[in-house]
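Order of the sequence lines fixes the chain letters, A, B, ..., with proteins taken first and strands second; residue numbering starts at 1 for each chain. Just so you know, these numbers come straight off a predicted model, no measurement behind them. Every heavy atom of this structure was used, including side-chain atoms; hydrogens, water molecules and symmetry mates were not.
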Amino acid sequence: MEHLQVLVVVIPLLAAPLCALLPGRRVPWLLATTVSWIVLWASALLALEVREAGVLTYELGGWAAPWGIEYRLDAASALVQLLIGVVAAVVLPFAGTSAALEIAPERQGGFYAALLLLVAGLLGITATGDAFNVFVFLEISSLSTYLLIALGRDRRALTASFRYLIMGTLGATFYLIGVGLLYAMTGTLNMADLAERLPAVADTRTVHTAVAFLVVGICLKIALFPLHLWLPNAYAYAPSAVGALIAATSTKVAVYLLIRIVYTVLGVDFAFGQLAMSSVLLALAVLGMLTASAVAVNQPDARRMLAYSSVAQVGYMVLGLSLASVAGLTAALLHLMNHALMKGALFLAMGCVAYRLGGTRVSDLAGLGRAMPWTMAAFVAGGLSLIGVPLTVGFVSKWYLVLAALEQGLWPLVIAVVASSLLAVAYVWRVVEIAYFRGPARDGVREAPWSLLLPTWVLVLANFWLGVDTRVTVGLATQAAQALIGAAP
Amino acid sequence: MTLTIGLYNYWMVITLMMIGLYTMISRGHLVKKLVGLNIFQAAVFLLYISMGFVRDAAPPILEPGVERYSNPLPSVLILTAIVVGVATTALGLALVLRIREAYGTVEEDELHRLDNEF
């Protein structure tokens, strides 16, 4: 059991090549789904353990830190890991039906292998306590994402994937430069060790440059406005299951990485106090919330609309973390979890639509309220959560975000959050109106099969369950925020 | 002297980095973009390897009588990064091939126009 911390990453990593070798469609899918459930079980156990112990450490190969690679799990990383586990365990069963239609038969094994690699890469970023190891896992997850996006049915998936490849590699290489400069100054790559040695050399131009490279690189991965241009097409034209998985996890893991670098490695006093980075992030977050929401209103494709909404929602998270308070960080972590649940549900609902219609153009959704009642009900429920209606998770995190802003007397931020939510009402309503109040659906359009509806509704119900019973999520997020702020020198 | 000759490697890092970035931004041909990306990454490899250099030091192989060794860690790290770079380039080129099959062009402007036609 002591090895669980590393096994949660190693199991999907080892299962991936096995998946690629397995023949047919059913067998690789079964293996991938089983692995995703094992990951969920392991990450849940680890989260429970972290709740008791605070921090878990594991030395890879028995090499002591800072020489060896250390795996380090605290409340924040356990929370993100659990989130990846939940989303993967829901999306992989969904992929069984949707990928059977969208992916060529001879590519099925490779498809599930890439999905598992993506999950392993994301888990690795959260599991490790080594700054260079993060780069390796970042590239594992990114490379598999480029591949998965390119498997989309629309040819625009190819250009989207290429654009993401260029931008994503640029971001990861910026991160690599930042880590290299920090290593040059401190001689260590271990995050905890870096945090100890940095203050002595913090006031040098090399470290300032390193911070700039690290933050810009990670913000490219987060798709923080105005570095978001790769995201909309990538999410919109990827295969349905892939779109849901990356929309729910990829940018969230990047946000987690930013929190980790700013709060654990650099220390919040240095990064936000001395370098005044918070005002830059704050301004970009607010701009992103408003512009991306406004652009989402006029998107002709429903999934592209949701992707723009993701850019806006990432703004909420960055807004929370740049407030540099326990309340702000709690809100950021809460929204990180909650947004994954709602966007996951919405993208899965659109996946059901794409399964029957072959696409998600908003004008094609007419009449679906009658033809696909369960699917559209899931979309409406997810949309309510996105807007932030009480009793949904969206309300919980926005509430905490508003409280955190008010704590510092930042009234304009509250107005920005409300304005962005109103724009969310506009773009969700546009889809609802066409689906429920416009002409009949195309002939022969039926409700999606239950194998797609079940995973979708599991996430939808999670939106309401965790919106009412907030003990687990708020508890974990608060614990993580306190540990992160307390750990800062 | 030290500023120009002593830091020669680092000047080259900056020059290569800028050439790579400029190529990626200014060129519309997708393969040229990949070449730019490769030059950019090579600059970072050079940055890391230069960091490991220690003046008057022996290669990092244990030998009696030698006290000063170069730092082997940056080279090892960059070995990993090179592998990642090769994988990225391979995937990028494969994508360019698929784009060429699907669109009949690999010029960014035309791709943009074709994408917005639907």
**Message:** Can you give me the closest heavy-atom contact between A:Phe162 and B:Lys33, atom names plus distance?
**Reply:** CE2-CD, 4.3 Å

**Request:** Can you see which heavy atom on B:Arg98 is nearest to which on A:Ala150, and at what distance?
**Result:** NH2-O, 4.0 Å

Considering only heavy atoms, which portion of [X] lies under 4.5 Å from any heavy atom of chain A: side chain, backbone, both, or neither?
X       : result
B:Ala81 : both
B:Leu21 : side chain
B:Thr88 : both

**Message:** Applying ring-ring contact (aromatic ring centres under 6.0 Å, His included) as the test, list every pair that has at least one member in residues 6-47 of chain B; sequence neighbours left out.
**Reply:** A:Phe174-B:Phe40

**Request:** Would you check, one step at a time, whether the test side chain to side chain contact (heavy atoms under 4.5 Å, CB included) holds for B:Glu101 with A:Leu158?
**Result:** CA-CA 11 Å; B:Glu101 278 169 22; A:Leu158 295 170; over 6 Å; no

As an exercise, state the distance from [atom1] of [X] to [atom2] of [Y], rounded to the nearest 0.5 Å.
X        : Y        : atom1 : atom2 : answer
A:Ser161 : B:Ile99  : OG    : CD1   : 7.5 Å
B:Met17  : A:Thr173 : CE    : OG1   : 9.0 Å
A:Arg163 : B:Leu95  : CZ    : CG    : 13.5 Å
A:Leu181 : B:Tyr48  : CG    : OH    : 8.0 Å

**Prompt:** Is the backbone N or O of B:Pro74 less than 3.5 Å from a side-chain atom of A:Tyr183, with the two atoms forming a donor-acceptor pair by type?
**Reply:** no

**Prompt:** Within the distance-only criterion (no hydrogens, no angle test), does the side chain of A:Tyr146 pair as donor or acceptor with the backbone N or O of B:Gly92 below 3.5 angstrom?
**Reply:** no

**Message:** B:Leu77 vs A:Leu189, test: side chain to side chain contact (heavy atoms under 4.5 Å, CB included). Steps then yes/no.
**Reply:** CA-CA 11 Å; B:Leu77 294 179; A:Leu189 291 167; 3.6 Å; yes

**Message:** If you define the side chain from C-beta out and look only at heavy atoms, does anything of A:Tyr237 sit under 4.5 Å from B:Asp115?
**Reply:** no

**Asked** Side chain, backbone, both or neither: which part of A:Ile140 has a non-hydrogen atom closer than 4.5 Å to chain B?
**Response** neither

**Message:** Are more than 12 heavy atoms, taken from residues, nucleotides or ligands other than A:Arg197, located less than 6.0 Å from that residue's CZ atom?
**Reply:** yes

**Request:** Might you confirm whether atom CZ of B:Arg68 has over 12 heavy atoms from other residues, nucleotides or ligands at distances under 6.0 Å?
**Result:** yes

**Complete:** Comparing A:Ile166, A:Val136, A:Thr159, A:Leu147 against chain B, the one with the most heavy-atom pairs below 4.5 Å turns out to be A:Thr159

**Prompt:** If contact means a heavy atom pair closer than 4.5 Å, which residues of residues 128-135 of chain A contact chain B?
**Reply:** A:Phe132, A:Phe135

